[in-house]
Visitor: 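Can you read through this structure? Questions will come right after.
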Number of protein chains: 2
Amino acid sequence: MTATSSTSSPPTARRRRKNDPESVRADILAVATREFSEKGLSGARIDEIAEKTRASKRMIYYYFRDKESLYLHTLEAAYQKVRLQETELELDHLAPLEALSRLVRFTFCHHAKNPDFIRLVMIENIHHGRFLAQSELIQSLNAGVIDALADVYARGVESGCFREGLDPRELHWLISALSFFNVSNQHTFSRIFDWKQAAPENQQKLEDHVTDMVMRYVRTDEALR
Amino acid sequence: MTATSSTSSPPTARRRRKNDPESVRADILAVATREFSEKGLSGARIDEIAEKTRASKRMIYYYFRDKESLYLHTLEAAYQKVRLQETELELDHLAPLEALSRLVRFTFCHHAKNPDFIRLVMIENIHHGRFLAQSELIQSLNAGVIDALADVYARGVESGCFREGLDPRELHWLISALSFFNVSNQHTFSRIFDWKQAAPENQQKLEDHVTDMVMRYVRTDEALR
DNA sequence: GACTGAACGTACCATTTCGTACATTGTTAA
DNA sequence: TTAACAATGTACGAAATGGTACGTTCAGTC
């Protein structure tokens with residue numbers, strides 16, 4: 001999350017000391033992430049977070065002022081972590097069809113591997129995005145996502161394999177929807193339709209469906225081969 | 001929600017009476033639906049539900065035992081209401097292409113018009129579908145949805161306008177994903193990408209995208225006209 | 001070595017919140 | 001009419017919960 005890793009690792013630069021505030025802060029944030037993503041803002045308990053932390057309740061208020069502020073920091077940290085992972089993806093050297101297909105698969109898998117993040121976003125939506133609205137940080141983080149997709153799409157249109165007239169933002173919406181739902185509604189969907197959605201073979205099926213669906217939507221008929 | 005309508009309407013059959021338990025029950029359920037869908041299971045307050053009801057807190061416990069049981073009844077009532085609305089849709093007399101397109105548009109609009117239901121499902125997923133699992137009622141309600149889609153799909157395959165090999169359940173998953181996300185993530189998506197997703201013209205765009213996307217995915221190339 | 005501010009522990013307080021005890025009124029069947 | 005039971009109002013209890021007062025220890029500075 002921050003500079004020093006999770007446990008009481010040796011302080012980066014200066015001489016060692018017993019107090020390790022950065023590590024304490026990071027530890028609180030890690031525990032808070034688990035608790036909030038599991039139980040929501042109102043469901044999570046400060047006392048329980050305190051218990052699961054190496055620190056005490058006093059420290060939570062010392063570093064994060066109050067419960068809502070802690071929640072906001074949790075949300076910001078989650079977005080930061082996720083957007084950081086997304087920069088790993090390098091699409092520039094790939095042909096448009098390959099690049100888009102890869103982008104979709106990456107998004108799908110990425111969401112699947114980060115249920116905590118998805119749940120925090122769900123919870124934030126339950127709160128009408130009220131906390132996200134307070135964060136300039138998160139707003140600024142997300143421009144890049146659309147840019148990468150816009151670039152791939154523009155290249156595809158130019159080379160004739162993607163059809164014209166699509167808005168990258170709306171395209172991103174479609175990809176997000178399919179990838180997000182896979183995590184967000186896994187429990188109800190599995191239970192209602194008696195279908196082990198989380199099973200690897202079904203996850204693979206869904207990933208293929210989603211990718212295929214997006215590709216069919218974007219590419220021209222000529223590109224159908 | 002139940003037989004008698006919301007306010008103190010005349011009791012259906014027998015002679016009139018001052019006590020109107022069915023109406024009280026329905027009123028509590030209606031208020032609870034608003035409160036739970038707005039604030040979640042842990043966020044909703046029994047005292048607040050009681051205040052907003054014509055009845056008192058005592059009545060809530062009289063009819064619904066405890067908070068979790070009230071929540072479960074709320075969830076069940078929501079599913080019942082929604083599945084009831086869905087039966088309005090009559091697809092049998094339509095050609096497969098028309099029927100599927102109509103089904104998708106209906107699902108999209110239906111979700112958009114029932115945000116309370118969507119939010120309850122989100123909340124239930126936050127709880128890992130733990131309450132839904134307790135309800136035999138909800139399980140039984142949902143078979144029909146897949147059946148209707150399976151029928152349309154089978155007719156489409158037979159008439160050559162739909163390609164073979166798709167699973168109706170997975171198809172339903174894709175349609176649900178796109179329709180659900182439109183409501184569930186409206187707040188965060190709008191805020192992050194500075195896009196008024198709820199605006200009528202954008203809702204229309206998304207409905208068209210979603211419908212078009214599903215149709216392109218299902219139909220054969222020959223059906224492209 | 002004394003001083004200062006940051007980092008931290010313990011105990012506690014005020015409210016909130018779920019749930020219930022108890023008393024009362026309405027309704028129906030005999 | 002009245003016994004019996006369903007429906008409802010009022011007041012309260014006990015635990016949980018967010019937040020704080022107050023005191024102590026650590027680490028760098030003069």
Side-chain angles (χ1 to χ4, degrees), chain A residues 2-4 7-32 35-36 38-74 123 127 131, chain B residues 2-4 7-29 31-32 35-36 38-74 127 131:
Chain A
T2 9
T4 51
T7 49
S8 52
S9 55
T12 37
R14 306 183 290 247
R15 72 197 66 169
R16 62 174 40 252
R17 59 180 186 182
K18 204 172 163 189
N19 285 358
D20 189 353
E22 303 228 347
S23 151
V24 168
R25 223 189 103 101
D27 185 41
I28 292 172
L29 213 48
V31 174
E35 288 294 305
F36 281 129
E38 190 58 30
K39 303 173 190 171
L41 172 54
S42 48
R45 300 296 165 214
I46 292 285
D47 286 283
E48 202 167 332
I49 294 174
E51 265 181 38
K52 295 182 179 171
T53 306
R54 299 198 316 279
S56 66
K57 185 160 75 157
R58 176 70 180 75
M59 285 296 94
I60 295 174
Y61 288 95
Y62 184 68
Y63 284 116
F64 297 98
R65 195 162 48 102
D66 60 14
K67 194 187 185 186
E68 294 202 345
S69 172
L70 174 60
Y71 168 78
L72 179 57
H73 277 91
T74 298
I123 288 161
H127 292 282
F131 295 92
Chain B
T2 10
T4 52
T7 49
S8 52
S9 55
T12 37
R14 307 184 289 249
R15 69 199 68 168
R16 61 173 46 248
R17 58 182 184 184
K18 200 174 165 189
N19 283 359
D20 190 354
E22 303 229 348
S23 151
V24 169
R25 224 189 103 102
D27 185 42
I28 292 173
L29 213 47
V31 175
E35 287 296 304
F36 280 128
E38 190 59 30
K39 303 173 190 172
L41 172 55
S42 48
R45 301 294 165 219
I46 292 284
D47 286 283
E48 203 168 333
I49 294 174
E51 265 181 38
K52 295 182 178 171
T53 306
R54 299 198 315 281
S56 66
K57 184 160 75 158
R58 177 70 180 73
M59 286 295 93
I60 295 174
Y61 287 95
Y62 184 69
Y63 285 116
F64 298 98
R65 194 163 47 101
D66 60 14
K67 194 186 186 187
E68 294 201 346
S69 172
L70 174 60
Y71 168 77
L72 178 56
H73 278 91
T74 298
H127 292 284
F131 296 91

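This structure is a prediction, so every number in the text was calculated from the model and none was measured.
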Visitor: Could you please name the option among dG18(D), dC18(C), dA6(D) that lies closest to any side-chain atom of Ile46(A)?
Guide: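 So the nucleotide nearest the side chain must be dG18(D).
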Visitor: Assuming nearest nucleotide by heavy-atom distance, tell me which of Gly43(A) and Arg65(A) is located more 5' along DNA chain D.
Guide: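 Final value for this comparison: Gly43(A).
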Visitor: How close or far is atom C1' of dA7(D) from atom CD of Glu22(B), stated in whole angstroms?
Guide: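 It works out to 13 Å between those atoms.
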Visitor: Hey, which sits more toward the 5' end of DNA chain C by its nearest nucleotide, Arg58(B) or Tyr61(B)?
Guide: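 Per heavy-atom nearest nucleotide, the more 5' residue is Tyr61(B).
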Visitor: What integer distance in Å separates Ile60(A):CD1 from dA7(C):C1'?
Guide: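 Distance, rounded to whole Å: 15 Å.
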Visitor: Is there a side-chain polar atom (N or O) of Tyr63(B) under 4.0 Å from OP1 or OP2 of dT8(D)?
Guide: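 Yes, such a contact exists.
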Visitor: Check every strand shown and say whether Ala44(B) touches a base, only sugar-phosphate, or nothing at a heavy-atom separation below 4.0 Å.
Guide: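 Here Ala44(B) touches the backbone only, sparing every base.
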Visitor: Separation of Arg45(A) atom CZ from dT16(C) atom P, in whole Å?
Guide: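 It is 15 Å, rounded to the nearest whole Å.
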Visitor: Starting from P on dG9(D), measure out to CE on Met59(B) and report it in whole angstrom.
Guide: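 Value for this atom pair: 6 Å.
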Visitor: Could you check which of dC8(C), dT20(D), dT8(D) has an atom nearest any side-chain atom of Lys57(A)?
Guide: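 The answer is dT20(D).
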Visitor: How close do Val24(A) and Ala55(A) get, heavy atom to heavy atom, and via which atoms?
Guide: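 Smallest interatomic distance, heavy atoms only, reads CG1-CB, 3.7 Å.
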Visitor: Nearest 0.5 Å, please: how far is CZ in Arg65(B) from NE2 in His73(B)?
Guide: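 Result: 8.5 Å between the selected atoms.
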Visitor: Any base atoms under 4.0 Å from Phe64(B), or only sugar-phosphate, or nothing? Heavy atoms, all strands.
Guide: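 Nothing, no heavy atom under 4.0 Å.
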Visitor: Atom NZ of Lys67(A) to atom C1' of dA16(D): distance rounded to whole Å?
Guide: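 That distance rounds to 12 Å.
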Visitor: Which atoms form the tightest heavy-atom contact between Ile123(A) and Gly40(A), and what is the distance?
Guide: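 Closest approach of Ile123(A) to Gly40(A): CD1-CA, 3.6 Å.
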Visitor: Tell me the interatomic distance from Glu51(B), atom CD, to dT10(D), atom P, rounded to whole angstroms.
Guide: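 Interatomic distance, CD of Glu51(B) to P of dT10(D): 13 Å.
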Visitor: Of Ser42(B) and Ser56(A), whose closest DNA chain C nucleotide lies nearer the 5' terminus?
Guide: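 Comparing both residues, the 5'-ward one is Ser56(A).
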Visitor: In this structure, how many angstroms lie between the P atom of dT8(D) and the CZ atom of Arg54(B), rounded?
Guide: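 That distance rounds to 10 Å.
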Visitor: Restricting to non-hydrogen atoms, name the atom on Phe131(A) and the atom on Leu72(A) that form the minimum distance, rounded to 0.1 Å.
Guide: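 Result for this residue pair: O-CD1, 3.4 Å.
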Visitor: If you check every side-chain atom of Asp66(A), which of dA7(D), dG19(D), dC18(C) has the closest atom?
Guide: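 For the Asp66(A) side chain, the nearest candidate turns out to be dG19(D).
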Visitor: If you look at every heavy atom in Leu29(B) and Leu70(B), which pair is closest and at what distance?
Guide: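 The answer is CD1-CD1, 4.2 Å.
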Visitor: Between dA7(C), dT8(D), dG18(D), which nucleotide has the shortest distance from any of its atoms to the side chain of Val24(B)?
Guide: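 Side chain of Val24(B) sits closest to dT8(D).
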Visitor: Does a nitrogen or oxygen in the side chain of Tyr62(A) sit under 4.0 Å from OP1 or OP2 of dA7(C)?
Guide: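 Yes, within the criterion.
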Visitor: In whole angstrom, what separates Tyr71(B)'s OH from dC18(C)'s C1'?
Guide: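 Spelled out: OH on Tyr71(B) to C1' on dC18(C) is 18 Å.
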